[in-house]
S.K.: 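Dumping the structure here so I can ask a few things about it.
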Amino acid sequence: MTLLIARRVALSVVTVLLATVLVFTAIQLLPGDAATQILGQNATPDAVATLRGQLGLDQPAIARFFSWLGGALHGDFGTSLVSHQSVGAEVGRALVNTSLLAVITIVVGITLALVLGMVAGLLRDKWPDVAISTIALVGMSVPEFVVATVLVLLFSITIPFFPAVVVAGQNATIAELLPSVTLPAVALIFVLSAYIIRMMRTSVIDVSDSEFVRTAVLKGNSLGRIVFKHILPSAMLPTLNVIAMNVAWLVGGVVVVESIFNYPGIGTLMIQSVQTRDLPVILLITVLSAVVFVVCNLLADLISIALNPRLRHSRSAR
Amino acid sequence: MNTTEQVVGVDDLTVSYRTGSGANARQVDVLKNVSVSLERGRVLGLVGESGSGKSTLAGALLGSLRSTSFISGGTVSVAGNDVFALGSAELRRFRINEVAMVPQNAGNALTPTMKIREQIAESLHGLRGDKRAQRERAEELLRLVRLPNPRAALDRYPHQFSGGQQQRIGIAIALASDPTVLVLDEPTTGLDVVTQAAILDLLLDLQRSRSMSMVIVSHDLGVIDKMCSDVAVLRMGEIVEFGGVRQVLGSPGHPYTRGLIASVPRIDRPGIPPSLDHQALDADAEWVQSDEVTLRVAPVDAPVVLSVRDLSVDYRRRPVAGTGPTVQGVSFDVAAGEIVALVGESGSGKSTIATTIAGLQRPAAGSITLAGAGAAAGAGRRAAGAGGGAGSAARGGGAPLAATVARRSKAERQAVQLIFQNADTSLNPRKSVEAAIQRPIDLFKVRGASVAGALSDVELPGSYSERLPGQLSGGERQRVGIARAISAQPQLVLADEIVSALDVSVQSSILRLVDTLATSKQIGFLFITHDLAVVRAIADRVIVLYLGRIVEEGTVEQIFANVSHPYTRLLLDAVIELGDEHSDTLEKVADEVPLAPPEHGCPFASRCPIVRDVCLTVTPPDLAVSETHHITCHATLPELIHEPAFVAA
């Protein structure tokens with residue numbers, strides 16, 4: 001089992017490395033390099049060549065990749081072309097802000113989605129199921145920017161209770177941000193939980209129809225025991241992957257929702273950097289999203305192993 | 001037992017469900033005016049074909065119906081409780097205290113994410129909260145059902161046990177609550193004969209020692225006859241006959257019961273039994289089922305179509321100390337028009353051998369030769385026996401088949417066809433019958449074959465070509481599966497457990513069809529089954545496999561006569577047939593097959609009653625009883641002679 005986990009973790013590290021190579025290559029393929037970006041269209045070739053030398057752009061791409069990677073392993077992700085600050089520090093600040101939003105969204109969203117999905121599945125075709133399923137369907141069909149805009153319209157403009165945009169800048173403290181987290185978090189939760197609710201519902205219905213649940217009922221078990229000991233562990237298994245996918249999706253969803261609310265997180269920084277062609281920042285943010293994807297899927301795999309004895313004892317006994 | 005207290009009373013019970021909607025809504029009765037009763041300490045059998053409502057009735061005894069079904073009349077009373085009048089809390093208490101169920105397939109009925117100990121402890125209501133006492137009691141129960149190594153088993157999960165072991169665990173769980181009535185739904189269906197015999201003996205012991213009342217649902221008349229004191233025969237939701245087991249099964253009063261009994265194949269009687277004729281039965285209540293069997297005639301001096309020599313298949317990724325390959329040293333022939341049965345328990349390698357012949361599994365060693373393969377497709381196949389086409393002539397009349405199907409020629413692929421156990425999962429549910437049968441005809445450009453012809457070969461009306469598999473009954477689907485295979489005009493058909501999922505009367509009609517097709521089209525059949533009675537009915541020659549090695553080979557008469565390999569003898573002794581005395585329980589042999597074949601010696605040594613030292617180290621020699629009858633054993637011939645278990649009729 002330790003071997004199994006070690007293998008999964010090692011595989012994840014390799015995946016992240018491959019993703020980094022891909023992202024680095026993609027950025028190399030963008031037209032124009034950092035030197036022309038900084039100096040502008042009308043720069044003299046001499047000036048460009050000098051700057052390239054200073055930035056180390058005259059070295060082959062592979063050498064630059066390894067020097068970037070070497071720096072990255074020491075926490076040095078280069079210097080922003082725009083602010084001339086350390087990319088690590090800049091992205092780090094935004095990451096803290098985004099994490100605040102993400103943690104609230106994930107904790108509240110997943111818990112809510114699992115509970116609602118379970119209730120819907122257990123009360124199949126009764127009114128709570130119909131209500132929950134309908135809302136989930138709406139959540140799946142409406143894009144997050146529409147949800148966010150409608151929320152702003154309802155709760156900031158019609159009923160001015162929450163702030164529509166975040167006025168604090170990149171350097172805002174968590175205390176300053178907290179009141180303005182609500183609306184973006186609600187928008188993200190709404191979309192995030194929709195898929196998880198649908199999956200959990202289907203999965204609970206499937207498991208409830210199984211022979212072993214019928215047997216558990218016929219043994220005279222209490223409802224609580226049937227749900228939490230017999231149904232839930234098996235129903236969670238297919239749901240876990242959907243959760244992992246959706247948490248990973250957050251990274252993308254966050255970009256849109258953050259920019260609507262002007263929330264000073266990764267998403268906003270990403271859009272700014274794309275507009276200003278701040279390549280080192282874009283590189284780091286893209287690599288980070290790859291890491292989030294891989295880590296989410298790794299966690300889902302590990303929890304599956306914990307929940308499913310068939311995975312744990314794959315080679316033993318038989 | 002001289003108390004005559006009634007523990008189960010089903011009175012005029014009707015269970016229905018609604019189907020359709022609006023004007024088309026109608027009520028369908030799953031059970032119609034069913035009345036049965038059972039006294040304390042007795043065993044009631046519920047017997048009938050699929051769809052007869054026997055499982056619904058069993059569920060009703062525990063107050064459990066399918067979610068769409070409801071009681072539209074009558075009452076069920078068990079141990080003094082009016083089951084369907086109980087509130088939910090009372091129903092729970094009733095299920096805890098009075099009844100328990102052993103479900104049909106324990107593999108699906110055990111919660112996969114819970115340890116065995118927890119699942120038993122759930123039913124130990126008297127010991128709630130006392131972990132240590134629960135553990136001890138659970139271990140005791142597992143020992144009672146003779147599960148090997150019960151202490152270690154407690155902390156394992158269901159998937160770590162074999163099917164037979166899971167069934168034992170299911171029984172242990174049901175016994176844990178010490179029920180007044182134990183309901184068993186097909187408790188041994190899907191288990192090997194030896195395991196079945198062991199579990200039934202165990203249940204009878206427990207029933208007698210605890211004077212428990214039991215209700216057993218089964219389609220197997222032999223099992224009902226052995227286990228039950230009373231029997232109710234169900235047909236399409238109605239009870240056609242109810243009474244003492246010896247009276248009902250010994251001198252049946254109802255034509256349906258008579259027909260059902262007549263359609264069961266038996267190991268003491270050669271020939272394919274007649275099928276129940278439901279139409280005649282519906283038309284005439286006094287209709288009498290003929291008990292005329294169809295005797296199979298083996299082909300004489302037919303050319304060999306398949307030669308398998310020294311076939312070995314190894315599933316192990318790396319050698320495991322003390323174990324040998326999954327299949328080893330298997331050699332046999334199949335002649336044109338001949339039906340060769342491959343018999344053995346699950347894990348004996350019968351399906352592995354078939355998939356290897358089909359080219360779906362790569363052999364580790366050995367050769368598979370198909371006579372006449374490589375001859376031009378379609379044309380001259382019949383002539384292939386005489387000379388073969390240009391291609392095969394160069395290879396001396398027979399061509400060793402490539403190891404994988406991808407490397408075989410079209411003609412070779414055409415020559416070997418498969419029929420699967422579950423026709424419903426092997427036919428594409430969205431393709432019509434016509435599409436399924438047309439496909440091989442187009443693919444192999446078979447001349448002179450048509451969908452209509454293939455359908456008439458399998459005795460289905462031509463109008464069926466438009467139907468989808470979902471619109472066919474189980475037997476009809478299997479006929480389509482056969483039609484699909486023979487429309488390619490193969491030389492060899494691999495039939496893997498093709499009748500084991502069917503009701504007995506449908507089973508015998510499929511067997512008659514296989515008999516006809518083999519003879520009329522000169523197709524060699526490799527017929528894989530675990531059911532010895534089916535073997536007796538259909539096979540010309542029999543190969544008995546144990547852990548991937550041939551232990552005995554002979555004609556069907558020789559296999560069922562009085563000289564047998566100890567394993568064959570064990571199988572024959574374990575068969576439970578209607579009308580046996582059922583007095584002698586099986587000798588206490590180890591009923592669990594080892595997980596892997598041993599590296600050296602005889603594979604059966606660990607269970608053999610006449611084992612000797614040499615069996616553990618040296619591969620047993622071929623003992624020729626006659627030219628066609630071979631036994632692989634270290635024993636001498638006299639040691640292998642036994643009373644013929646069954647005297648030929």
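Note that these values count all heavy atoms, side chains included, but never hydrogens, waters or copies made by symmetry.
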S.K.: Using a 6.0 Å cut-off, check whether atom CZ of B:R151 has over 12 heavy atoms from anything other than its own residue.
M.R.: no
S.K.: Less than 4.5 Å to any heavy atom of chain B: does that hold for the side chain of A:S234, its backbone, both, or neither?
M.R.: both
S.K.: Report which part of B:L62 has an atom under 4.5 Å of a heavy atom belonging to chain A: side chain, backbone, both, or neither.
M.R.: both
S.K.: Flag yes if more than 12 heavy atoms outside A:R225 fall under 6.0 Å of its CZ atom; otherwise flag no.
M.R.: yes
S.K.: Under 4.5 Å from any heavy atom of chain B, what part of A:L307 do you find: side chain, backbone, both or neither?
M.R.: backbone
S.K.: Show the numbers, then the answer: is there a side chain to side chain contact (heavy atoms under 4.5 Å, CB included) between A:K219 and B:R95?
M.R.: CA-CA 6 Å; A:K219 276 164 140 183; B:R95 285 171 177 165; over 6 Å; no
S.K.: Indicate yes or no: does B:E118 engage A:K229 in a salt bridge with an N to O separation below 4.0 Å.
M.R.: yes
S.K.: Do you know which of B:P112, B:S64, B:P103 has the most heavy-atom pairs with chain A at a distance under 4.5 angstrom?
M.R.: B:P112
S.K.: Need one label for B:S177: side chain, backbone, both or neither, based on atoms under 4.5 Å from any heavy atom in chain A.
M.R.: neither
S.K.: Could you check whether atom CZ of A:F24 has more than 12 heavy atoms from other residues, nucleotides or ligands sitting under 6.0 Å from it?
M.R.: yes
S.K.: A:T215 and B:M101: side chain to side chain contact (heavy atoms under 4.5 Å, CB included), yes or no, with the steps?
M.R.: CA-CA 8 Å; A:T215 307; B:M101 179 144 181; over 6 Å; no
S.K.: Report which part of B:L91 has an atom under 4.5 Å of a heavy atom belonging to chain A: side chain, backbone, both, or neither.
M.R.: neither
S.K.: Assess whether atom CZ of A:F228 is packed by more than 12 heavy atoms of other residues, nucleotides or ligands within 6.0 Å.
M.R.: no
S.K.: Could you measure the distance from the CG atom of B:N105 to the CZ atom of A:F212? Nearest 0.5 Å is fine.
M.R.: 12.5 Å
S.K.: Could you tell me the separation between the CG atom of B:D185 and the CD atom of A:E211, rounded to the nearest 0.5 Å?
M.R.: 8.0 Å
S.K.: Roughly how far apart are B:T111 OG1 and A:I226 CD1, rounded to 0.5 Å?
M.R.: 10.0 Å
S.K.: If I compare all heavy atoms of A:G220 with all of B:I96, which pair ends up nearest, and what's the gap?
M.R.: O-CD1, 3.5 Å
S.K.: Does the side chain of B:R92 come under 3.5 Å of the side chain of A:S222 through a donor N or O and an acceptor N or O?
M.R.: no
S.K.: To the nearest 0.5 angstrom, please state how far the CG atom of A:L237 sits from the OG1 atom of B:T113.
M.R.: 8.0 Å
S.K.: Are B:N108 and A:S210 side-chain neighbours, meaning at least one heavy-atom pair lies under 4.5 Å?
M.R.: no
S.K.: Most heavy-atom pairs under 4.5 angstrom with chain B, which of A:V217, A:V207, A:D209?
M.R.: A:V217
S.K.: Within a reach of under 6.0 Å around CD1 of A:I62, are more than 12 heavy atoms found that belong to other residues, nucleotides or ligands?
M.R.: no
S.K.: What is the distance from atom CZ of A:R214 to atom OG of B:S67, rounded to the nearest 0.5 Å?
M.R.: 11.0 Å
S.K.: Run the side chain to side chain donor-acceptor pair (under 3.5 Å) test on B:Q119 and A:H230 for me, step by step, so that the C-alpha distance in whole Å, both residues' side-chain angles and the decisive distance to 0.1 Å come before the verdict.
M.R.: CA-CA 10 Å; B:Q119 303 200 41; A:H230 293 270; 5.5 Å; no
S.K.: Pick one of side chain, backbone, both or neither for A:V213, based on which atoms fall under 4.5 Å of a heavy atom in chain B.
M.R.: neither
